[in-house]
Amino acid sequence: MTKFIDLGLSPKVMKAINDAGYDTPTPIQSEAIPHALEGRDILGIAQTGTGKTAGFTLPMIHKLARGRARARMPRSLVLAPTRELAAQVAENFEQYAKYVKLDMALLIGGVSFKEQDRLIDRGVDVLIATPGRLLDHFERGKLLLTGIEIMVVDEADRMLDMGFIPDIERIFKLTPFTRQTLFFSATMAPEISRITQEFLQNPKLVEVARQATTSENITQNVICFKAENRKSEPKKKRDLLRTIIAKEGEKLTNGIVFCNRKVDVDIVMKSLKKHGHSVGAIHGDLDQRYRMEVLAGFKNNDITLLVASDVAARGLDIPAVSHVFNFDVPIHAEDYVHRIGRTGRAGRKGWAFMLCLPHEIKHLDKIEELVKQSIPRLEFELQKAPKIINKERLKNTAKKDENKTNQKQPENKILKNTEPKNIDISKSEATSLTKDAQKDTKNPVKGLGEHVPAFLLR
Ligand code: AMP
């Protein structure tokens, strides 16, 4: 595990870190700080609570310790969407810069211009501001942004929600092209992505989930299994995946299947499609337009399952999903936290399943070490998953729905013989049922009572 001492921060900054009582950097700090110290632009995808504020304030203090500010020409600028957040950033600067002489000013609404003008006139090393207030000062001719060496945009996604993006663009254009930019957002909505492409230069992408813990709303399971031989492993994995999907039934409203390799993303997507699932795929080799289309389909529920690689899914503004399937155990333990963090958001329940072959156990061990918990093992006997949706199963589902009480599933239950019964429908009959359901959306599907699953109407 990286230590603060390995990050290259100056003794004065280190002393303040010790005073704060931190012994190890958080993931975003250990990943971003060395690159920020080298002068690289950073694109940090991180939420509050990950330690991102120290992730940018510490290298800034280190770098700004040398040099002096000139009147009305701040040397660095931190933009935050709200007064509260700006004030929080200022507190961080005060805390970590206590052994370094740096002048700071906070430009937020509700504070008199006079006092703020006085500070700016004296010259500040760090200017922390909300975008509107900053532009007010600029328009009054009290401020020059041509001396900015480092600019931080914090919580860009909230800036977007609050309509600040045009202000941010304007401010970027008022600062020198040579500045270093540290840009943070919890998600990468298209508008934010566009700005980063325009204003960041070869940024180091750093993405972290909220701490290295996993949400309590997520029921996690791992299925450790063996295949007859190495060659049959991928097929057995695909069969197992379909079995689990079938077992989850209506609980699964939408899900992401993560694979470690792009080639497997394609294979798994094709396999699920062949077996009648509504599925799309995204990975880095796929054309951007196609990826956007797939994502749009997933967002508006036309596509139920999205098969993805880690890189392609990174930072995407994907809505909350009910299920995450780790088709492969991620090689980097951090990725596990990112992956399953796609479910169980905003207080909702989520389910995360992981398939683990013997050669992947070493990665599983690392994940458990990181999340500091053991992921419950699920004993899962492989049964042949239904190739496509069949009549009997739909009838059963409809009946179950009628009788459904709010029965709570015991968590981490050991599942055996989990496949739905009565799946021996002939292939041709089943195929025609699915095709008809897909084609004929005007005619109602008969025999299901009131309840017709959405996928049959598509
Ligand atoms: P932030 O994500 O920047 O809002 O930080 C969340 C909280 O984590 C703050 O209360 C920080 O004081 C704290 N924090 C930041 N870095 C560390 C660290 N390396 N170790 C422990 N706590 C930290």
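Counting convention: from 1, in listed order, for ligands and their atoms alike.
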| ligand 1 contact on T24 by region, counting heavy-atom pairs under 4.0 Å | backbone
Which ligand 1 atoms does [X] reach within 4.0 Å, using its non-hydrogen atoms?
X	value
F4	19 (N)
T53	1 (P), 3 (O), 4 (O)
T26	17 (C), 18 (C), 19 (N)
G51	1 (P), 2 (O), 3 (O), 5 (O), 15 (C)

| request: With side chain to side chain donor-acceptor pair (under 3.5 Å) as the test, would you mind laying out the steps for D328 and H363 before giving the verdict? | output: CA-CA 10 Å; D328 302 302; H363 304 312; over 6 Å; no
| message | If you compare all heavy atoms of S185 against all heavy atoms of D157, which two are closest, and at what distance to 0.1 Å? | response | OG-N, 3.3 Å
| message | So which atom in A156 and which in V153 form the shortest heavy-atom distance, rounded to 0.1 Å? | response | CB-CG1, 4.1 Å
| query | F183 and side chain to side chain contact (heavy atoms under 4.5 Å, CB included): which partner among I45, L79, D154, I192? | reply | I192
| Looking at ligand 1, does any of its N/O atoms fall within less than 3.5 Å of an N/O of Y96? | no
| said: Angle between ring planes, F56 versus F184, binned at 30° and 60°: parallel, tilted or perpendicular? | reply: tilted
